[in-house]
Amino acid sequence: MSNAKWYVVWEGKQTGIFTQWEDAKAQVHGHPGAKYQSFKTKWAAEEAFRVGPNSFQDLRSKVLPDKNPNSIAVDAACSGNPGVVEYQGVCTDSKSQLFHKKIEGIGTNNCGEFLAIVHALAWQKEAGVNRPIYSDSDVAIGWVKQKKCKTTLEKSKDTAPIFHLIERAEKWLEEHPVKPKILKWLTKDWGEIPADFGRKG
RNA sequence: ACAU
DNA sequence: CCATGT
Ligand SMILES: [Mn+2]
Ligand SMILES: [Mn+2]
């Protein structure tokens with residue numbers, strides 16, 4: 001495999017995951033019954049190594065957690081970080097857009113991800129619905145749970161607009177019960193979150 | 001390291 | 001390669 005960067009050795013002089021073929025080959029050479037394979041990503045290699053040489057191919061279909069299609073997905077994008085921030089929310093199943101906001105001034109990726117979740121909460125309350133909210137951001141999910149945006153962003157004239165929105169979002173969280181489940185979107189298993197802006201390619 |  | 005975060 002031309003792009004392979006990770007080599008799993010399940011049986012050999014030493015087992016493990018190697019980043020160089022020279023190292024993997026040293027475990028396999030002259031070792032009858034050695035089992036090994038190359039992978040393109042670290043994640044694939046780790047999963048394959050953990051599950052063993054015979055079952056790694058079907059592990060995903062057995063263990064892959066299911067996503068709830070009756071849900072909302074949010075995501076933020078940033079032009080520079082810190083930079084110009086926007087976020088949006090979509091229906092997970094259809095990707096139809098529910099809301100979108102481009103924020104004045106500059107902010108961080110994580111501030112955008114945080115505001116996206118809180119916007120989804122407020123939007124749902126306004127719309128009278130209660131569906132799970134998916135975010136791919138551990139940071140933002142944690143901040144919403146704490147009702148506190150722990151950003152390191154410096155305060156300045158350019159960051160004043162987003163800090164105002166953050167303050168408003170934190171206030172909303174303090175004043176309203178958080179009813180919808182806020183769930184981690186498992187990007188490695190499911191691919192990019194449906195609300196993604198698709199600019200990383 | 002993990003998640004962006 | 002840079003940056004934001006736990
Ligand atoms: Mn994201
Ligand atoms: Mn994205």
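Residue numbering restarts at 1 for every chain, and letters A, B, ... go by the order of the sequence lines. Model, not experiment: these values are computed from the prediction.
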Undergrad: What heavy-atom pair brings A/D189 and A/L64 nearest, and what distance separates the two atoms?
TA: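 Taking every non-hydrogen atom into account, CB-CD2, 3.7 Å.
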Undergrad: Under 4.0 Å between a side-chain nitrogen and a carboxylate oxygen: does that hold for A/E192 and A/K200?
TA: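 Salt bridge present between A/E192 and A/K200.
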Undergrad: Whole Å only: how far is the CZ atom of A/R199 from the P atom of B/rU4?
TA: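 Between P of B/rU4 and CZ of A/R199: 17 Å.
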Undergrad: Heavy atoms within less than 4.0 Å of RNA chain B: which residues of residues 89-107 of chain A have one? Give them sorted by number.
TA: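 None - not one residue of the stretch has a heavy atom sitting under 4.0 Å from the strand.
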Undergrad: Look at the side-chain heavy atoms of Ile, Leu, Val, Met, Phe, Trp and Tyr, link any pair under 4.5 Å apart, and say whether A/V74 and A/W190 land in one connected group.
TA: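 No, no single cluster joins them.
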Undergrad: Below 6.0 angstrom between ring centroids: does that apply to A/W172 and A/H176?
TA: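 For A/W172 and A/H176, the ring centres are under 6.0 Å apart.
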Undergrad: Do the numbers put A/K67 on top of the ring of A/Y134, so that NZ or CZ is under 6.0 Å from the six-membered ring centre and no more than 45° off the axis?
TA: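 Not flagged: A/K67 not positioned over aromatic ring of A/Y134.
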Undergrad: Partners of A/K150 by salt bridge (charged side-chain N to carboxylate O under 4.0 Å, His left out), sequence neighbours excluded?
TA: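 With sequence neighbours excluded, A/K150 shows a salt bridge (charged side-chain N to carboxylate O under 4.0 Å, His left out) to no residue whatsoever.
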Undergrad: Identify the two heavy atoms, one from A/A24 and one from A/Y7, that lie closest to each other, and give their separation to 0.1 Å.
TA: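 Distance-wise, the nearest heavy atoms are CB-CB, 3.6 Å.
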Undergrad: Any Lys/Arg nitrogen of A/K147 or A/E170 sitting under 4.0 Å from an Asp/Glu carboxylate oxygen of the other?
TA: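 No salt bridge links A/K147 with A/E170.
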Undergrad: On the nucleotide B/rC2, are OP1 or OP2 found under 4.0 Å from the side-chain N or O atoms that A/K42 carries?
TA: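 Yes, because at least one side-chain N or O of A/K42 sits under 4.0 Å from OP1 or OP2 of B/rC2.
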Undergrad: Search all heavy atoms of A/I162 against all heavy atoms of A/I106 and return the closest pair with its distance.
TA: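 Heavy-atom minimum between the residues: CG2-O, 3.6 Å.
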Undergrad: Rounded to whole Å, please give me the gap between CH2 in A/W43 and P in B/rA1.
TA: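 Those two atoms, CH2 and P, are 18 Å apart.
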Undergrad: Measuring to OP1 and OP2 of B/rA3, would you say a side-chain N or O of A/K188 lies under 4.0 angstrom away?
TA: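 Result: yes.
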Undergrad: Specify the residues of residues 134-147 of chain A, ordered by number, for which at least one heavy atom lies under 4.0 angstrom from an atom of RNA chain B.
TA: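 A/D136, A/S137, A/D138, in order of number.
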Undergrad: Using a heavy-atom distance cut-off of less than 4.0 Å, which residues of residues 160-167 of chain A contact DNA chain C?
TA: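 Here the set is empty: none.
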Undergrad: Could you check whether any side-chain heavy atom of A/D136 comes within less than 4.5 Å of a side-chain heavy atom of A/D196, counting everything from C-beta outward?
TA: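 No - every pair of side-chain heavy atoms lies 4.5 Å or more apart.
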Undergrad: Kindly assign one of parallel, tilted or perpendicular to the pair A/Y87 and A/F99, based on the angle between their ring planes and the thresholds 30° and 60°.
TA: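 The arrangement is perpendicular - the two ring planes meet at more than 60°.
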Undergrad: When rounded to the nearest 0.5 angstrom, what distance separates CD in A/E22 from NE2 in A/H29?
TA: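 Rounded to the nearest 0.5 Å, the CD-NE2 separation comes to 11.5 Å.
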Undergrad: Hey, where on DNA chain C does chain A first and last touch, going 5' to 3'? Cut-off is any atom under 4.0 Å from a heavy atom.
TA: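 Using the under 4.0 Å cut-off, the span is C/dA3 to C/dT6.
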Undergrad: Check ring pair (Phe, Tyr, Trp, His ring centres under 6.0 Å) between A/Y36 and all other residues, then give those that pass, not counting sequence neighbours.
TA: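 Partners of A/Y36 under the ring pair (Phe, Tyr, Trp, His ring centres under 6.0 Å) test: A/W21.
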Undergrad: Please check the phosphate of B/rA3 (OP1 and OP2 only) for any side-chain N or O of A/T187 closer than 4.0 Å.
TA: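 No, no such contact exists.
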